[in-house]
Amino acid sequence: MGKKGEVKLIGSWVSPFVFRARVALNLKSIDFEFLQEKAGSKSDLLLKSNPVHKKIPVLIHHDKPICESLVIVQYIDETWTHGPSILPSDPYDRAIARFWAAYLDEKFFPALKSIRMVQGQGDEVEKKLKEIKEGLGLLDDALVKISKGKPFFGGEELGYLDIALSGFVAWIQVREKTFDVKLLHESTTPNLAVWVHNLSAHPAVKDIIPTADALIEWVRLNLGPPPPPAN
């Protein structure tokens, strides 16, 4: 749905935050133009559309920019009311979903991202891995309570928290390969392990979720090796 050129998304296929917007648009069956930024540069359109943060993603709808991934997801849900509702209808459930989405961005993702910077530093790596594992344990417990036995945080269909977490799945798998460790595994996070399987098979996700190998290669080509340990 949506006229050609009416909806544009400025982003990159590697960004977990852009991934959220792509899943939300797919879930609502919205046709959109995906304008990919080149690594290491910012287009004039991006700088014009997001002059405050100068970051992706930016959704452009009727030539009006909307910035920040979770704001974009909420905008999509409120603008296109057809199809599955992304945010829960119950105010309490909506507040809980927003709480955990904030936890992902403020606590979980910083640990997932920063572990690359301590690669090769044994104690620091173990500390970061412990932090990531503890976070996944909390999310595993939250899934049980929020989903009430259904496949997703949103119930029978992808919801706000599913979309918020979805972008990090491939990057968690990158960390698993890089550090030879199991993070999302049936022995430690049995509920999330099933959730990942369900998520990866979902029509809104399955054709766009990147592989860990593709992301690892992108990092190698665009970011290079992590910095050496400080003396």
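All values below were derived from every heavy atom in this structure, side-chain atoms included, with hydrogens, water molecules and symmetry-related copies excluded. Sequential numbering from 1 along the given sequence is applied to the chain's residues. Note that the structure is predicted; figures quoted are calculated from it, not measured.
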Practice prompt. Assess whether side chain to side chain contact (heavy atoms under 4.5 Å, CB included) is satisfied between I60 and I66, documenting all intermediate values.
Written response: CA-CA 6 Å; I60 300 176; I66 302 96; over 6 Å; no

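- Here the shortest heavy-atom pairing between A170 and P210 reads CB-O, 3.5 Å.
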Worksheet entry | From CA spacing to verdict: side chain to side chain contact (heavy atoms under 4.5 Å, CB included), L223, W218 | CA-CA 8 Å; L223 302 182; W218 183 90; 4.0 Å; yes

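- Closest heavy-atom contact between A193 and E186: CB-N, 3.8 Å.
- The shortest distance between side-chain heavy atoms of I72 and V58 does not fall below 4.5 Å.
- With hydrogens and angles ignored, the 3.5 Å screen pairs no side-chain donor or acceptor of T189 with any backbone N or O of L192.
- N191 places no side-chain N or O within donor-acceptor distance of the main-chain N or O of L143, the cut-off being under 3.5 Å.
- For the pair K42 (side chain) and K54 (backbone), a donor-acceptor distance under 3.5 Å is present.
- Listed here is the closest heavy atom pair of D105 and F168: OD1-CZ, 3.8 Å.
- Put simply, the side chain of S41 gets close to the backbone of K38: a donor and an acceptor are under 3.5 Å apart.
- Put simply, the side chain of L129 does not reach to within 4.5 Å of the side chain of R175, judged on heavy atoms.
- A distance-only check finds no donor-acceptor pair linking the side chain of W13 to the backbone of Q36 [under 3.5 Å].
- Two residues are said to be in side-chain contact when any heavy atoms from C-beta on lie closer than 4.5 Å; Q173 and V196 meet this criterion.
- The aromatic rings of W80 and H61 lie tilted to each other, with the angle between the two planes from 30° to 60°.
- Judged by distance alone, the side chain of K128 and the main-chain N or O of V125 form no donor-acceptor pair under 3.5 Å.
- F109 and F17 have perpendicular rings, their planes meeting at more than 60° on a 0 to 90° scale where under 30° would count as parallel.
- Remark: the backbone N or O of D90 is not paired with any side-chain donor or acceptor of D93 at under 3.5 angstrom.
- Rounding to the nearest 0.5 Å places CD1 of I216 at 4.5 Å from OG1 of T178.
- Under the 3.5 Å distance criterion, the side-chain polar atoms of R20 are left unmatched by any main-chain donor or acceptor of L70.
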Worksheet item: Can L46 and E37 be said to form a side chain to side chain contact (heavy atoms under 4.5 Å, CB included), step by step?
Response: CA-CA 8 Å; L46 173 60; E37 292 286 299; 3.5 Å; yes

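- Between I172 and L136, the closest side-chain pair of non-hydrogen atoms falls below 4.5 Å.
- Counting all heavy atoms, side chain and backbone alike, P110 lies closest to L104 at CD-O, 4.1 Å.
- Rounding to the nearest 0.5 Å gives a distance of 10.0 Å between CG of D207 and CZ of R22.
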Discussion item. The test is side chain to side chain contact (heavy atoms under 4.5 Å, CB included); show your working for I56 and S12 and say whether it passes.
Written reply: CA-CA 8 Å; I56 54 175; S12 168; 3.8 Å; yes

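- At distances below 3.5 Å, at least one donor-acceptor pair connects side-chain atoms of D77 with backbone N or O atoms of L87.
- A 4.5 Å side-chain heavy-atom check between V23 and H202 finds every atom pair outside the cut-off.
- Rounded to the nearest 0.5 angstrom, I208 CD1 and F34 CZ are separated by 8.5 Å.
- Remark: aromatic rings of W100 and Y103 are close, center separation under 6.0 Å.
- Both F99 and I146 belong to a common hydrophobic cluster when Ile, Leu, Val, Met, Phe, Trp and Tyr are linked at side-chain heavy-atom distances under 4.5 angstrom.
- Closest non-hydrogen pair, V73 versus I86, comes out as CG1-CG2, 3.8 Å.
- With values rounded to the nearest 0.5 angstrom, D63 atom CG is found 10.0 Å from E6 atom CD.
- Counting only heavy atoms from C-beta outward, the side chains of L9 and P57 approach each other to under 4.5 Å.
- When the side chains of ILVMFWY residues are joined at heavy-atom separations under 4.5 Å, either directly or via intervening members, V194 and L165 end up in two distinct hydrophobic clusters.
- Both V71 and F32 are members of a single hydrophobic cluster when ILVMFWY side chains are connected at heavy-atom separations under 4.5 Å.
- For the atom pair K150 NZ and E157 CD, the distance stands at 12.0 Å (nearest 0.5 Å).
- Side chains of W195 and D140: a donor-acceptor N/O pair is absent below 3.5 angstrom, by distance only.
- Atom OG of residue S166 and atom CG of residue L27 lie 10.5 Å apart, to the nearest 0.5 angstrom.
- The two residues S49 and I10 make their nearest non-hydrogen contact at OG-CD1, 4.0 Å.
- Between the side chains of R98 and Q74, at least one donor N or O sits under 3.5 Å from an acceptor N or O.
- Side-chain contact between V181 and L183 is present, with heavy atoms from C-beta onward closer than 4.5 Å.
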Practice prompt. Determine, step by step, whether E176 and H185 satisfy the side-chain hydrogen bond (donor to acceptor under 3.5 Å, both in side chains) criterion, reporting the C-alpha distance in whole Å, the side-chain angles of both residues, the deciding distance to 0.1 Å, and the verdict.
Written response: CA-CA 10 Å; E176 288 181 321; H185 192 262; over 6 Å; no

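- Under the 3.5 Å distance criterion, the side-chain polar atoms of H62 are left unmatched by any main-chain donor or acceptor of K64.
- The closest side-chain heavy-atom distance from I209 to F19 is below 4.5 Å.
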